[in-house]
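Owing to the predicted nature of the structure, the values given are computational and were not obtained by experimental measurement.
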Amino acid sequence: MKLLLVFPILLPLLMGVLMTLGWRRRALQRVLSVVGSALLFAASIALFREVWAHGILVMQVGGWPAPYGITLVADTLSASMVVVASFVSLCVSLYILGTVDVRRERNGFHPLMQILMMGVCGSFLTGDLFNLFVWFEVMLIASFVLLALGGERQQIVGAMKYVTINLVASAIFLSALGILYGMVGTLNMADLSAKLANVAEPAPITVVAMLFFVAFGIKAAMFPLFFWLPASYHTPPIAVSAIFAGLLTKVGVYALLRTFTLIFVQEPAFTHSMILMLSVMTMIFGALGAIPQTDLRKVFSFLLISHIGYMTLGLGLFSAAGLAAAIFYLFHHMLVKTNLFLICGLVARAGGGYDLRRLGGLYRFRPGLSALFFVSALALAGIPPLSGFFGKYVVVRAALEHHAYLATGVVLLTSLLTLWVLARVWLRAFWEELPERGTIMKPSNSLILRCYIPVTLLALATVSFAFLASPIYAVAERSAWELMNPGSYLDAVGVVRP
């Protein structure tokens, strides 16, 4: 069953290769895109079931024992992240069929999406920091080309901003890896955890930890390192923006959760308190940044930043309840934020653009689309009984248990700001009368089939989250327990404890 660990990496790679071989066969690439995403989702479910039933799954690639070889590890957190990511990928691959233009498809759009998913799954399943860097670079290369594909001026500007700041993050990450290896002599995560558990002088390790935090904080778009995201996420096709919003920042959050529970726990009074403070700032500045925006994509880009703070807040609390809340909210946000970006694309198709000043009347002309937006918006705002309510409830409860009253107040305040921003979007785009300069475009039957089905699937998943909150939170709790008690992770990998 250890082979289940490599399927989420090999399947996208295989599909990407097959698509490249059929470069001029657009129809074949479309079929392989959907089939590959469906197979990835099935493989991820099989992997999660194996981990849930039998515990942490480990593979030493090439037979080299840890920490000398390449280690793949699937615990409850990484396996569940692969499940949610693959479901998001499947929905986006269906949506792409009705939205991406022929020119992009003929220039490698579909294989690039598969390579991107390979990098995402590899990041979740690696047990080695250097290989995490490699998977980050795989994602960076694929995402940069996806951003720039099409060659429009706005795209190139956004892509350059995106790749420049992410290359800086990669340089910091690589420098931190070199320093850490020079200090400890290993980059295997389990081996690092064992060797740094009782370090005599924690200060040098804490300095290195801050380098990792900067690198991962840029990837996750935390304050004050988030400025690149709203400058780039509104430039590519909306399907690309959706998968970026749903997955790429979450890989940064995952890296923070993994490293600052397994490795960098020497001085939590400093490191995790700083994460808590910056999480509060991320929530505030993201919500405030969304208020003046008139472009729907920028509105949701800033709200994305704000809600990253909810996830890292749980890490800053550094408790089992806080981590469980962060993981639960992470699952919810991957689904809801992806769907809101996809809905943005449908709104633009119906109203002729993303500018709120030119939109209106969609509730009257597009009741189905209005209902889908309404459900997803209420879920993001945290209105009961939808998934966002339970996510914010467990975050607030964890903060109160930690006596973090300022953070609790900020969570409630930014929830109200999110609701206000989304209510304004609803009023302008859906409820108010169509402005004189606005238009309503009739969708084709193929567009309804190809785009509304994945959006409806994500909306149903969001609604189902409310009814399945207890078992999903059980997954989050088990993930949090494994993070707070890394002994099982170390034993599974097979490193020698001091």
Side-chain angles (χ1 to χ4, degrees), residues 91-92 95 98-99 154 229-230 233-242 244-246 286-307 333 335-383 386 388 414-444 447-448 450-456 458-460 462-463:
C91 292
V92 173
Y95 187 91
T99 57
Q154 186 184 35
L229 191 150
Y233 271 30
H234 68 288
T235 59
I238 199 66
V240 176
S241 299
F244 282 13
L288 293 177
I291 293 174
Q293 304 301 323
T294 57
D295 186 306
L296 268 177
R297 296 165 297 180
K298 286 194 174 184
V299 170
F300 289 117
S301 293
F302 276 102
L303 289 180
L304 166 63
I305 293 165
S306 179
H307 287 249
H333 198 259
L335 299 174
V336 173
K337 185 55 69 173
T338 302
N339 208 25
L340 282 171
F341 269 91
L342 295 182
I343 291 170
C344 275
L346 296 178
V347 169
R349 285 288 185 105
Y354 297 96
D355 192 341
L356 286 170
R357 295 167 295 186
R358 296 178 178 269
L359 295 172
L362 289 176
Y363 177 76
R364 177 181 174 186
F365 296 101
R366 296 285 184 275
L369 177 60
S370 303
L372 290 169
F373 174 83
F374 193 73
V375 169
S376 298
L378 291 185
L380 185 66
I383 303 300
L386 296 171
T414 52
S415 296
L416 290 175
L417 288 175
T418 299
L419 180 60
W420 181 65
V421 170
L422 293 171
R424 189 189 61 162
V425 171
W426 170 261
L427 288 173
R428 289 192 178 183
F430 294 89
W431 194 255
E432 293 179 356
E433 292 296 325
L434 180 68
E436 293 183 3
R437 54 186 175 178
T439 57
I440 295 292
M441 303 173 69
K442 183 178 179 180
S444 64
L447 178 68
I448 293 174
R450 294 171 182 175
C451 297
Y452 279 72
I453 287 178
V455 169
T456 303
L458 284 167
L460 289 174
T462 302
V463 174

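Looking only at side-chain heavy atoms (C-beta outward), Phe244 and Leu229 stay at 4.5 Å or farther from each other. At a threshold of 4.5 Å between non-hydrogen side-chain atoms, the residues Leu303 and Leu340 do not count as touching. Between Leu346 and Tyr95, the closest side-chain pair of non-hydrogen atoms falls below 4.5 Å. With a 4.5 Å cut-off on side-chain heavy atoms, Leu460 and Thr456 count as touching.
Every side chain to side chain donor-acceptor pair (under 3.5 Å) that Thr418 has, sequence neighbours left out, goes to His307. Every residue meeting the ring pair (Phe, Tyr, Trp, His ring centres under 6.0 Å) condition with Phe373, not counting sequence neighbours, appears here in chain and number order: Phe430.
In this structure, the separation between CZ on Phe341 and CG on Leu304 is 6.0 Å, given to the nearest 0.5 Å. Atom CG of Leu342 and atom CG of Leu372 lie 11.0 Å apart (nearest 0.5 Å). For the atom pair CG of Leu369 and OH of Tyr452, the computed distance is 4.0 Å after rounding to the nearest 0.5 Å. Between the CG atom in Leu380 and the CG atom in Leu419 there is a gap of 10.0 Å [rounded to 0.5 Å].
For the pair Arg428 (side chain) and Thr294 (backbone), a donor-acceptor distance under 3.5 Å is absent.
Within the structure, side-chain hydrogen bond (donor to acceptor under 3.5 Å, both in side chains) contacts touching residues 337-346 (residues at least two apart or in different chains) are Asn339-Ser376.
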